[in-house]
Protein chains: 2
Amino acid sequence: MNDALSSEADVSSAAGIPTSERILSTSAALFREKGYASSTTRELAELLGIRKASLYHHIETKEEILYQICIASLTRIIDEISKSIPAVVSQDDLRTMIRSHVAEIVGTRDFHAVMLTEMRGLTPDHLVEVVALRDRYEELIRDVVSQSQALGILRDDFAAKYLMLCLLNLLNWTIFWFKPGGDLDAEELGDLLASVFLEGASQMSTLGPERGL
Amino acid sequence: MNDALSSEADVSSAAGIPTSERILSTSAALFREKGYASSTTRELAELLGIRKASLYHHIETKEEILYQICIASLTRIIDEISKSIPAVVSQDDLRTMIRSHVAEIVGTRDFHAVMLTEMRGLTPDHLVEVVALRDRYEELIRDVVSQSQALGILRDDFAAKYLMLCLLNLLNWTIFWFKPGGDLDAEELGDLLASVFLEGASQMSTLGPERGL
DNA sequence: GTCTATATTGTGATAGAC
DNA sequence: GTCTATCACAATATAGAC
């Protein structure tokens with residue numbers, strides 16, 4: 001685990017990328033692995049190959065790094081998912097949206113995992129701002145769900161809010177176990193999660209012949 | 001938030017429950033809210049209404065509390081879910097198992113949330129033991145999924161392992177947003193999650209008339 | 001932009017009286 | 001079983017030279 005972190009740091013260091021640009025991604029990897037509160041500026045400096053004090057030429061506080069990671073995560077995913085949603089959605093669009101979300105969270109895994117699990121380490125002011133952004137993302141999904149219900153694409157026996165939360169449940173816990181390079185790649189994972197959300201896990205025959213359309 | 005913690009502490013304190021028995025539940029609530037690494041023995045002592053040093057009459061280290069919480073969480077849920085699984089499963093049994101899991105994690109929310117998210121704070125030895133217990137729980141679920149696939153109850157286009165992970169995705173992220181006393185109670189949540197896992201979120205008409213059986 | 005050296009605070013944990 | 005007092009150390013962050 002430490003090997004993964006240090007080798008990653010070595011790569012960007014060897015590539016001549018400036019320290020200021022390496023801080024966020026190196027911190028995201030560190031915070032994801034050890035948690036924000038348990039990650040020290042010592043460790044971060046060591047991963048970056050500089051002394052602890054040199055960090056403070058680039059940042060003002062450790063919390064500022066967490067804040068930047070959360071903002072980067074949310075602006076990225078809001079942008080990516082917004083692009084994938086047309087004015088009027090179809091079931092195929094839902095599938096595309098789900099696959100985009102999965103591709104984004106596993107493709108920029110460190111940033112999203114830290115945003116999703118370490119948000120409480122933010123100062124009150126930053127927390128308010130980040131929660132507002134997260135709420136904006138959830139509203140984006142909820143609106144798509146709501147429209148899909150009105151169009152008869154999604155079931156409407158539960159409020160859009162709860163269908164949205166079910167969907168994010170299904171997608172987001174993935175950050176805790178998915179490892180790139182395993183026997184299921186990111187694209188297959190997206191297909192699986194989209195299919196389980198839309199069609200469920202029951203065998204087709206118990207649900208009728210239309211399964212898989 | 002701090003109010004919720006302190007009033008809870010006051011209640012058990014007023015009821016005359018011994019400190020030694022209050023430490024685990026009070027710690028679970030604290031660790032859940034602030035994270036294990038950010039929770040201090042000072043705060044814990046304050047919630048218990050004793051001095052920091054008095055804690056060490058009951059425990060040897062702070063990490064020992066985390067270990068006890070993880071063990072309690074896993075033995076509880078393994079026990080609860082084992083009880084709900086018959087030798088040969090039906091779709092109804094799957095539904096019951098899912099509802100039991102949901103009832104258990106939201107009913108003993110602090111313990112399970114801490115186990116699920118703070119495990120990395122354990123010492124290496126304790127981590128090995130706790131991960132083994134967690135793996136045992138996941139195997140329990142995976143075996144039920146595998147048997148259901150063989151019986152034609154669950155789809156078999158993906159390995160049981162991944163269907164199990166989808167299910168735990170869907171159920172476990174709930175710890176981050178479910179609050180008892182909201183407009184969806186624990187039982188309704190269990191029904192929703194079981195139904196979304198088994199039948200999916202698509203409108204019935206797109207899947208055929210058997211939906212809901 | 002990085003360094004050495006240090007300030008300051010907070011942490012988990014212990015000693016020993018009552 | 002709880003207390004007061006304290007230890008030893010690790011944390012974030014700063015000062016000022018190069």
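So you know, we letter chains A, B, ... as the sequences are listed, proteins then strands, and number each from 1.
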Between [X] and [Y] (side chain of the first, backbone of the second, donor and acceptor by atom type, cut-off under 3.5 Å), is there such a pair?
X: E104(A); Y: S73(A); answer: no
X: E43(A); Y: T40(A); answer: yes
X: K62(A); Y: Y36(A); answer: yes

Quick check for you: among [options], whose closest atom lies nearest to any side-chain atom of [X]?
X: K62(A); options: dT12(D), dG1(C), dC3(C); result: dT12(D)
X: I50(B); options: dT2(D), dA11(D), dT2(C); result: dT2(D)
X: Y56(B); options: dG12(C), dT12(D), dT2(C); result: dG12(C)
X: A53(B); options: dT14(C), dT11(C), dA11(D); result: dT14(C)
X: R51(B); options: dT11(C), dT2(C), dC3(D); result: dC3(D)

Between [N] and [X], is there an OP1 or OP2 to side-chain N/O distance shorter than 4.0 Å?
X: S54(A); N: dG1(C); answer: no
X: R42(A); N: dA11(D); answer: yes
X: H58(B); N: dT2(D); answer: yes

Which of these, L48(A), L47(A), I50(A), sits in a side chain to side chain contact (heavy atoms under 4.5 Å, CB included) with R22(A)?
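In the set L48(A), L47(A), I50(A), the residue that makes a side chain to side chain contact (heavy atoms under 4.5 Å, CB included) with R22(A) is L48(A).
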Taking atom [atom2] of [N] as reference, at what distance in whole Å does atom [atom1] of [X] sit?
X: L55(A); N: dA5(C); atom1: CG; atom2: P; value: 19 Å
X: E60(A); N: dA15(D); atom1: CD; atom2: P; value: 12 Å
X: I59(A); N: dT2(C); atom1: CD1; atom2: P; value: 13 Å
X: L44(A); N: dA13(D); atom1: CG; atom2: C1'; value: 14 Å
X: L48(A); N: dT2(C); atom1: CG; atom2: P; value: 9 Å
X: E43(B); N: dG10(C); atom1: CD; atom2: C1'; value: 11 Å
X: I23(A); N: dG1(C); atom1: CD1; atom2: C1'; value: 11 Å

Side chains of S25(B) and D110(B): is there a donor and an acceptor less than 3.5 Å apart?
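No.
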Tell me yes or no: between the side chains of Y67(B) and D125(B), is some donor less than 3.5 Å from an acceptor?
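There is no such pair (donor and acceptor under 3.5 Å, judged by atom type) between the side chains of Y67(B) and D125(B).
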For the pair F176(A) and F176(B), name the ring-plane relationship: parallel under 30°, tilted 30 to 60°, perpendicular over 60°.
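Ring orientation, 0 to 90° scale: parallel.
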Have a look at T19(B) and say if it touches a base, only the backbone sugar-phosphate, or nothing, with a 4.0 Å heavy-atom cut-off.
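Counting heavy atoms under 4.0 Å across all strands, the contact made by T19(B) is with sugar-phosphate only.
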Remember a base hit wins even if backbone is also touched, and classify S38(B) as base, sugar-phosphate or nothing at under 4.0 Å, heavy atoms.
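Here S38(B) touches no strand at all.
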For K52(B) and for P18(B), find the nucleotide of DNA chain D with the closest heavy atom, then tell me which residue's nucleotide is more 5'.
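In this pair, the answer is P18(B).
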Do K34(B) and E118(B) meet the salt-bridge criterion of a basic N to acidic O distance under 4.0 Å?
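Result for this pair is no, no salt bridge flagged.
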Secondary structure of DNA chain C in dot-bracket form (Watson-Crick or G-U wobble, distances below 3.5 Å, | marking inter-strand pairs)
||||||||||||||||||
